Amino acid sequence: MQTAYAILVANKKGGKNMPHISQQDYWNAVSEEKEFTLPLHYSTFQNLLRPNAKVLDIGCGYGRTLNELSRYGHTELYGIDFAAGMIARGKRLYPHLQLTEMKSPAIPFSDASFDLVVLFAVLTCIASNDEQENLLNEINRVLAPDGIVVVSDFLLNTDERNLTRYKKFENKYPNFGTFELPKGGVCRHHSIEWVQESLSLFETVRLEKTAFTTMNGNPSNGYHFVGRKK
């Protein structure tokens, strides 16, 4: 699980549906202990990239995915995240990466700036449909013509553990599959129908269901999407 795009938005909105601890507080609190697990699946988009591709990882956490891309020879690597603790950890671990704390929901780069945008376990941290769509529109804005977006995230599960927590919070959040973590933070698992609808902004190159292990060591349904700017 990567850190959340919606941290700043959630902190400003307030209201009865706010989690018991802010997203930003949660991710800063766990910034030194969490190890992210989603695989890169580089072979699924490797042939779509030019060698000097400029890459942006949104919700980059401590830079794990960008560092993996650096091992494949990519050098123009940028990451943004709202959690200052994650950025500080990433700068310490991987000083060759260009990591920046994100202070606004708007992506702080100009139009058509990147050949590849990576979004790993970020939508799971955004409970609102509107906020997810705003982020995807921002990604489309910063993608260069024929740019590639790679999204990996979590789907709804049917095991007792997950069904119990979906049920517990179904009256608090408008989208089924949204739940609060025991130590704070809010997550959302998605239906494949919502994934297809929300990502229709891009031309689909690949969409496959898969299975992941979460940062807390639990199995989960998931998906991996490779898209191209239309």
Side-chain angles (χ1 to χ4, degrees), residues 1-15 17-19 22-28 31 36 53-66 69 74 76-91 97-153 173-175 178 185-188 190 194-195 197-203 225-230:
M1 182 180 298
Q2 302 286 76
T3 50
Y5 168 83
I7 289 172
L8 189 63
V9 174
N11 286 349
K12 285 185 175 181
K13 280 188 174 181
N17 287 334
M18 281 298 297
S22 78
Q23 294 283 68
Q24 189 169 31
D25 287 345
Y26 173 76
W27 289 108
N28 277 321
S31 62
F36 299 137
K54 189 175 179 182
V55 180
L56 175 64
D57 185 352
I58 299 172
C60 65
Y62 54 88
R64 177 190 68 100
T65 300
L66 287 173
L69 283 167
H74 295 282
E76 290 291 311
L77 300 170
Y78 297 79
I80 54 176
D81 199 290
F82 278 117
M86 288 286 181
I87 294 296
R89 178 183 175 187
K91 287 183 175 181
L97 302 178
Q98 301 185 66
L99 306 181
T100 304
E101 182 183 353
M102 195 173 181
K103 298 181 181 294
S104 164
I107 296 174
F109 294 99
S110 58
D111 297 358
S113 296
F114 293 94
D115 303 294
L116 169 65
V117 173
V118 177
L119 193 70
F120 280 10
V122 173
L123 297 177
T124 195
C125 298
I126 305 176
S128 161
N129 287 351
D130 289 344
E131 289 168 21
Q132 289 195 14
E133 290 173 348
N134 287 341
L135 173 57
L136 294 171
N137 283 323
E138 275 289 283
I139 290 172
N140 192 50
R141 179 183 65 79
V142 301
L143 273 177
D146 291 325
I148 300 300
V149 57
V150 179
V151 184
S152 285
D153 221 305
Y173 298 97
N175 296 301
T178 306
V186 177
C187 294
R188 175 183 172 187
H190 303 89
W194 172 248
V195 171
E197 179 183 347
S198 60
L199 294 178
S200 64
L201 178 65
F202 310 100
E203 175 191 347
F225 172 84
V226 180
R228 190 192 303 274
K229 183 167 183 172
K230 291 182 178 179

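Being a predicted model, the structure only gives us computed values, none of them experimental.
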Between [Y] and [X], is there a side-chain heavy-atom distance shorter than 4.5 Å?
X      : Y      : result
Phe202 : Ile148 : no
Val149 : Phe225 : yes
Leu56  : Ser113 : no

### Message
What verdict does the side-chain contact (heavy atoms from CB on, under 4.5 Å) test give for Val195 and Asp153, after you've listed the backbone C-alpha separation in whole Å, the side-chain angles of each residue and the deciding distance to 0.1 Å?
### Response
CA-CA 9 Å; Val195 171; Asp153 221 305; over 6 Å; no
### Message
Test side-chain contact (heavy atoms from CB on, under 4.5 Å) on Leu99 and Leu66; report intermediate values, then the result.
### Response
CA-CA 10 Å; Leu99 306 181; Leu66 287 173; 3.8 Å; yes
How long is the gap from [atom1] on [X] to [atom2] on [Y], to the nearest 0.5 Å?
X      : Y      : atom1 : atom2 : result
Leu69  : Leu116 : CG    : CG    : 6.5 Å
Lys54  : Leu143 : NZ    : CG    : 12.0 Å
Glu197 : Glu133 : CD    : CD    : 7.0 Å
Glu138 : Ser104 : CD    : OG    : 8.0 Å
Glu131 : Cys125 : CD    : SG    : 12.0 Å
Ile107 : Ile139 : CD1   : CD1   : 5.5 Å

Are the side chain of [X] and the backbone of [Y] linked by a donor-acceptor contact shorter than 3.5 Å?
X      : Y      : answer
Gln132 : Leu123 : yes
Asn175 : Ala127 : yes
Glu101 : Ile87  : no
Arg228 : Glu203 : no
Lys229 : Val142 : no
Thr124 : Ala121 : no

### Query
Would Ser198 and Leu136 count as a side-chain contact (heavy atoms from CB on, under 4.5 Å) if you check the C-alpha gap in whole Å, the side-chain angles of each, and the deciding distance to 0.1 Å?
CA-CA 8 Å; Ser198 60; Leu136 294 171; 3.9 Å; yes
### Task
Please step through side-chain contact (heavy atoms from CB on, under 4.5 Å) for the pair Asn129 and Arg188, ending with a clear verdict.
CA-CA 11 Å; Asn129 287 351; Arg188 175 183 172 187; 2.9 Å; yes
### Query
Is Arg141 salt-bridged to Asp111, cutoff N-O under 4.0 Å?
yes
### Message
Once you measure the plane-to-plane angle for Phe36 and Tyr62, does it fall in the parallel (<30°), tilted (30-60°) or perpendicular (>60°) bin?
### Response
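Answer is parallel, since the angle falls under 30°.
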